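Beneath this line is the structure, given in structure tokens, with notes to follow.
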Amino acid sequence: MDVVSVIVTIGGYFVDPIKKHCGYLFQYNSNIKNLEDRIGNLRAMIDGVQLKIDAAKRNGQVILPVVERWVEKARNILDEDAEANKKGLDGWRPRYSLSRKAKKKTLEIDVLLNDGQFSEVSSPPPSLGVGSSSIEGIMDFESRTKMRREVLEALRADEVNMIAICGMGGIGKTTMAKEVAKRAKDDKLFDEVVMVVVSQNQDLRKIQVQIAEMLGLQLVEENPLVRAERLNNRLSMDSKSVLVILDDVWDALDLEAVGIPCGGEHNRCKILLTSRSEEACTQMKTQKIFPIKVLFEEEAWNLFRRMAGNCIDTPNLHPIAKEVAEECGGLPVAIVTVGRALENKSEFEWSAALQQLKNAIPKNIPGLDSKVYSSIELSYGYLKSDEAKSCFLLCCLFPEDYDILIELLVRYGVGQRLFAKIDTVAEARNRVHAIVKNLKRSFLLLDSEVGEQFVKMHDVVRDVAISIAENQGFLVRCNENMEEWPEKDSCERSTAISLVTVELKRHPDGLECPKLELLQLAFEIDTLQTLPPNLFKGMKGLKVLSLFGMSFPSLPQSINVLQNLRTLQFVNCEITDASAIGELRKLEILSFLGSKIKELPGEMRNLSYLKFLEFTECNDLERIPPNLLSSLSHLEEFYMVRAYVKWKPMEEEEEYQEEENKEEEEKKKGANASLTEIMSLSYLVALKIQIPNIKVLPKDLAFKNETIKFQIFSGDNEVIDVDNFEDYYHHLFKNSLGLASCDVSDIAKSQMLLQLFKKSEILKLKEIKGLKNIVYELDKEGFQCLKVLEVGDSNDVEYVMDATSDQNPHVAFPILESLKVFQLNNLKEIYHSQFPKRSFNSACFGNLKSLCLEECQHLKNVFSLSIARGLVQLQKLEIGNCDDMEECFHKEGKDEKALNDKIMFPQLTSIELGSLPRLIGFCIGVGPVELVQPSLNQEVGRINTDEVTNLEKHKTTDIQQHTGPFPKSTPIISHKLFSSNTILWPPSLENLDLRKANSLEVVFDLEGLKVDEDHQRITILAQLKTLEVQDLSKLTYVWKNVPLGIQGFQNLTSIEVSECHRLRYLFPTSIAKLLVQLQSIEIEECDAIENIVQRDGEGEGEATDIILFPRVSSLKLRKLPNMMSFCIKAYSFEWSSIKKIYLRDCPKLKIIGSKIQSLRKSKKINRELDSRPNEQELCSLGFLWRCLECVPCGKNYGLMAVSNQGTINKSQRSYSMKKEGTLSKPKDSKVSDSDNPPEIWSFFPSHIIECLKNLKSIELINVPSLEVLFQLEELNVEENHMAPVLDQLRKLILYGLDNLMHIWKKGPERILGFGNMRILKVEKCNSLTYLFSPSIAKLLVMLEEIEVTCCEKIEEILAKAEEEEEEKDILFHKVNSILLSDLPNLKCFCIEANALKWPSLKEITVIGCRSLSTFIPSNLNTPKLEGVFDEEEAFPWEKERTCHWKGELNATIEHIFKGKEKQTNHETQQEEQIETIEKDM
């Protein structure tokens, strides 16, 4: 090549960029002048726009968001120091830089000037009734957004025309309705939306006028019927869809009288109600009711902070503010009003408000909105009966956030005679539960999480209840710090007193309380209290006495004056002598719940009016005197669970009767009662009792009352498992019988037990010796009343039902709902019959909903198909630890062949199968038999499980393993859980949990599935939501043989796969594209997995068009040694919903998407800015050297190479240019040819990053193949648009990424993003030389913690800015903690003085950084930093760390490491001396 051609070729490559850069020098003055002119124009435009904004605000207009953003950008440019462009005129380099920046800034301002030509800057405010919520931002909370979506979804449904939002006053019903109206309008669900307030006193005319006004309709007619007709005609127009919101509905509203069309053909008009009463909504035939609940705790606090302002962040005020916010109880209006009332108030005012809230005097807080309290008070007044009002007020006797046992309301109400025309405790209980239900429907009471027998009262509602109750003589003090009774005058005026505290140090010895009817004293169990003798002397009218946590050597003497007492309750008390109770002859309810009492006093025989007696959890009770129980002639209910009385056995009872006349007094002194006394009580309607064994039961004596409700447990707690029955606090129970540790022969002798079997709804049998056939031996009538049956711990049981005997009924268990069979080692069959199964009566097990089998070692299947076809109510199937189980359902002979198409479990929603080593199918007798033949057309061939002995064999294909044909005589049958037939049986299946089934090879094998049956597509498992597969050692496929055009699995939200070491991938693409609702993917410890998605041959041309997993929010991959990528083809992934990525121990994984997908088109090289020579063009070019001297030296023009896949990578080659102008290539044998440069893998390529809009957390641990984490170079930054990326990312943790070279790979200069990152931790990333560049650091405005440990090559945390990066200070405003540990090459945090301000920095820890000499080469502003630690935070029992401080950070670091250097040098010298001595020896 001649010199001229070289000059032309290379000159053309270099001259253009040189010319451009030289132009910055020549056009310096004009560039500066143009910038000054543009700044003047921009300032004038900002002033003009601001005038329009001010005028719009005065008129109540809403400023457009685009205008607000423009003003913010424009002011930011003006705030920058334009004068800086005039500095540095003495040299060509500063002039060049300033000219270049001025040119760039001028272009930015030109864009703003063009964008600022607004025709309007505001919009009218939203109309009344359809605007946004009154509490700003509340609708963004999760609890509200979820409900809003549900309401809008209901409004979209064609079949729904009326829905309701219900909740207590002040909870946000109206706010929710307004937000729904706004969204419905914005989403164009309705052409028109109107909202009117109905209120307590309905005014039809007013309602009609309000609706008409919002519709633009004038109603001048006086006749209400005419007005209603006109309104109806307007709302029924076919051309308009209308949403009518009726707010604050108290009673059912006559829609026809108003003129609102509803139901039938009127689906163009839909109605949304808000109400405190579900009953009113039900009467109006509302189709869906949405109860609105209080805000979540975090939501409530965030709202409170917003209302109260920054003052609550001060250290002294913060804990008080937290308590005040809790007192608001999550009620939005209460939070807003309290927060605003206390905004910017002093600490003393906050403390006073807190005490006032706790003492239920909220009205005394200045500025507090009374609407919350008045609305609740109004709801109370609106209760239709005095009984309901009384029950409501009783609930305020208990502490805040207390789970109130509804039974207490029953006992208090009976004692006070609150219920009219009620004679029995059971009737009173039914009445109270009905009242509580209505109170909950009115949202004056709330459900309790403890159980349905409890209820809660909202804190704010309780405050109002207390204020109402005080007017009726209630005195309520629930204060753990209270040590004395309230003032004497207030006590003596009271009708009800409730004192709840830890301990009262003093009690009054005598109070005159003539009006007092109820006294509740509750103390901590550990601080047992005693009462003075005369406490009750002046309380003669007392009807209810309830004592918690007290100690009584003997009851106070004055208790005998309580002759009107009807309810006496001791809870968790210690009572030595209770004989005084015998004087309380009007007593009707007596309870010793959880109390310590050893013996009942004989004086209790006097309590002839007693209706209710309870000894539940009286563990110390040993003796009940004979004839005591039988003397309680009016006793209706008796409860004794977890009380171990030594009842007299029936044999002793007979002997006792024979010798009763002999030495009677001596015998009685130590004797115990017998259960015959209970049986003789004619009024007894409820018995709940635990007995030691069945020998204490009468054999032939039955209850006098045949309709008695019973729960009888025989056996020790550990054996019978009393807790497994309904809660013993529950007093509305089903007939239940639990027997343990007894012999079937003893059961057969007891006529009483045999009668109880017939009446039992719940039966639990454990350790029953000699029992072989449950139905035949226990109830020949077939348990006609039984709903729950549990049988376990027996080696004798062979059949649950043996139908081989003529004595057995044709129909057994007709209403059985739950069957649990466990630890029956010799169980052969659940249902056994020698007759053909077609004679089986389908009514047997026909109501079964739950079936659980555990540890039945010899059971091979559950039911035959003839029985299975009758399980139409089955909802849950659970089988575990059954070693011989081969299939769930079994086909017996040819007679059942025709049943294949008739099997259906329409209600089955959950299947759990675990530890079933021989399970080979759901039903192996149906579906196609797969004869496995090697085929080149198969996606992945069959693996012969007998031949595969190690992981390397898994990696080879079937063709490689099986080159010869299979023997024709030994076909291999696939062991698949579901075949193409059986997969259709459970269409409603939601949860499938499969564990330790080591014979299964496939979960879903769809071979032979007909996807188009009579021109109707069959949908497979469309309701399946969760799939969990664990420890299946032979599993090779989850889905296999997927036919073309399949539909199904579209509601799967979560999949977890672990310990399946033969599984090579999870989804075929035909399945993956169906999983549009999938939210969570978790794969752990699967040695053979290489990809998550594997191509299965469907739709060859659709590869790049398929969008996979748009809803996935969590991805967890752990211990996958062969995992390489998400998929191996170029599929399109949509990751906009992902929030959490956790990867651990995936040594081969390099990229989150697919390899091909990440290889984008090569960047188009901009020849103006970045021209680079090809290797062939490099040669001698002497005269260009002088031109290159004018070009900025900071920019790197190293060679870039384009790989054949299209990825641009920097070559590892470098080129030097000699002075004489010769470009020379270094001699490096390790460098590959430029045509095949090494690929640099980016875990998050730019096209993936753009989708990760909601990602919050990334944890990557031991993923050594990663080289670049975030590839920002090819981000799609449109002109005049700054794209925020990963703006929700809060936590980034990187550990053990040995090949990671860049966390952030250089991107567009104008990038925005990473603005919410709080935590950045990097450990053992030994290829990193820095953490982030200045351009990235400027984005991390919320960063709080930085930890970098054990990174060998790190030289600086913040890298030096490149030439093209804008020079600007970096402010770490929020960083409060920095840990730098074991970084041997770290020289400084940053080499440039551009990170000077650290206003929040409190702690720096520096350990093992021997090269560190300074933090930043300049003085730093660290106002909160107290010192530098050179040890990590110690455990509490270790010595405290040493904190160093020399007045300034740099000086402190220098001091620490000079000392360390001397110590290290001294230690090194000692080691060298020792080595020398050792050598000499």
Side-chain angles (χ1 to χ4, degrees), residues 81 310 313-316 318 1318-1322 1330-1334 1337-1338 1340-1351 1354-1361 1367-1436 1438-1468:
D81 189 9
N310 296 329
D313 289 330
T314 59
N316 293 336
H318 184 81
R1318 263 71 167 178
I1319 298 172
L1320 176 58
K1321 296 183 179 181
V1322 181
Y1330 68 95
L1331 215 57
F1332 37 64
S1333 66
K1338 285 184 288 188
L1340 308 179
V1341 293
M1342 299 300 292
L1343 190 61
E1344 297 174 358
E1345 296 180 31
I1346 301 174
E1347 291 188 12
V1348 188
T1349 58
C1350 301
C1351 297
I1354 284 268
E1355 298 179 358
E1356 53 194 352
I1357 305 301
L1358 176 60
K1360 183 179 179 181
E1367 297 174 7
K1368 190 175 181 181
D1369 286 347
I1370 299 164
L1371 305 178
F1372 293 98
H1373 284 289
K1374 299 286 186 178
V1375 172
N1376 56 61
S1377 171
I1378 298 176
L1379 169 64
L1380 307 174
S1381 176
D1382 296 313
L1383 308 175
N1385 289 298
L1386 182 67
K1387 298 176 182 177
C1388 59
F1389 186 89
C1390 60
I1391 198 169
E1392 296 177 323
N1394 58 352
L1396 307 180
K1397 296 180 181 180
W1398 301 79
S1400 302
L1401 187 59
K1402 296 179 181 179
E1403 179 178 312
I1404 293 183
T1405 303
V1406 184
I1407 306 166
C1409 302
R1410 58 176 179 264
S1411 301
L1412 185 65
S1413 57
T1414 186
F1415 193 74
I1416 295 176
S1418 180
N1419 293 328
L1420 302 177
N1421 181 8
T1422 56
K1424 294 185 179 181
L1425 185 62
E1426 297 179 355
V1428 179
F1429 296 96
D1430 57 0
E1431 300 175 81
E1432 289 197 61
E1433 189 171 357
F1435 292 105
E1438 296 180 353
K1439 66 177 183 178
E1440 293 187 1
R1441 298 183 295 168
T1442 303
C1443 182
H1444 304 270
W1445 190 244
K1446 292 298 179 181
E1448 193 263 334
L1449 179 56
N1450 286 331
T1452 304
I1453 289 178
E1454 184 178 358
H1455 166 75
I1456 292 174
F1457 285 96
K1458 276 190 175 179
K1460 296 279 185 184
E1461 185 179 353
K1462 292 179 180 179
Q1463 181 180 351
T1464 302
N1465 291 338
H1466 179 65
E1467 291 175 354
T1468 303

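All values derive from a computational prediction rather than experimental measurement.
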Review point. How far apart are the closest heavy atoms of Ser1400 and His1373, and which atoms are they?
Key: OG-O, 2.6 Å
Study note, to complete from the structure: Tightest non-hydrogen contact, residues Thr1422 and Trp1445, listed as OG1-CH2, 4.3 Å
Review point. Taking atom OG1 of Thr1405 and atom CG of Leu1379, what is their separation to the nearest 0.5 Å?
Key: 5.5 Å
Check your understanding: Which pair of heavy atoms, one from Leu1383 and one from Cys1351, lies closest together, and at what distance?
Key -> CD2-N, 3.4 Å
Check your understanding: How many angstroms lie between atom CG of Leu1401 and atom NZ of Lys1424, to the nearest 0.5 angstrom?
Key -> 10.5 Å
Exercise for review: Quick one: pull up CD in Glu1344 and NZ in Lys1374 and give me the separation to the nearest 0.5 Å.
Suggested key: 7.5 Å
Review point. For Glu1403, does its backbone N or O pair with a side-chain atom of Asn1376 as donor and acceptor, under 3.5 Å?
Key: no
Exercise for review: Check the surroundings of atom CD in Glu1448: do more than 12 heavy atoms from other residues, nucleotides or ligands lie under 6.0 Å from it?
Suggested key: yes
Exercise for review: Enter the distance from Leu1358:CG to Lys1338:NZ here, rounded to the nearest 0.5 Å.
Suggested key: 10.5 Å
Review point. Under the 3.5 angstrom rule, does the side chain of Thr1452 hit a backbone N or O of Lys1446 as a donor-acceptor pair?
Key: yes
Practice item. Go through Phe1389 and Ile1453 one step at a time and tell me if the side-chain contact (heavy atoms from CB on, under 4.5 Å) criterion holds. Key: CA-CA 11 Å; Phe1389 186 89; Ile1453 289 178; over 6 Å; no
Revision key, fill the gap. Rounding to 0.5 Å, atoms CD (Glu1392) and NZ (Lys1360) come to a distance of 6.0 Å
Review point. Counting heavy atoms not belonging to Leu1420, are there more than 12 under 6.0 Å from its CG?
Key: yes
Exercise for review: Please report the closest heavy-atom contact between Leu1331 and Ile1354, naming both atoms and the distance.
Suggested key: N-CD1, 4.3 Å
Check your understanding: Between Ser1333 and Ala1359, what is the shortest heavy-atom contact and its length?
Key -> CA-CB, 4.3 Å
Check your understanding: Going by the angle between their ring planes, with limits at 30° and 60°, are Phe1332 and Phe1372 parallel, tilted or perpendicular?
Key -> tilted
Review point. Are Asn1385 and Ser1411 close enough that a side-chain donor and a side-chain acceptor fall under 3.5 Å?
Key: no
Practice item. Identify the heavy atoms of Phe1415 and Asn1450 that sit nearest to each other, and give their distance. Key: N-OD1, 2.9 Å
Review point. If only atom types and distance count, is the side chain of Asp1382 paired as donor or acceptor with the main-chain N or O of Thr1349 below 3.5 Å?
Key: no
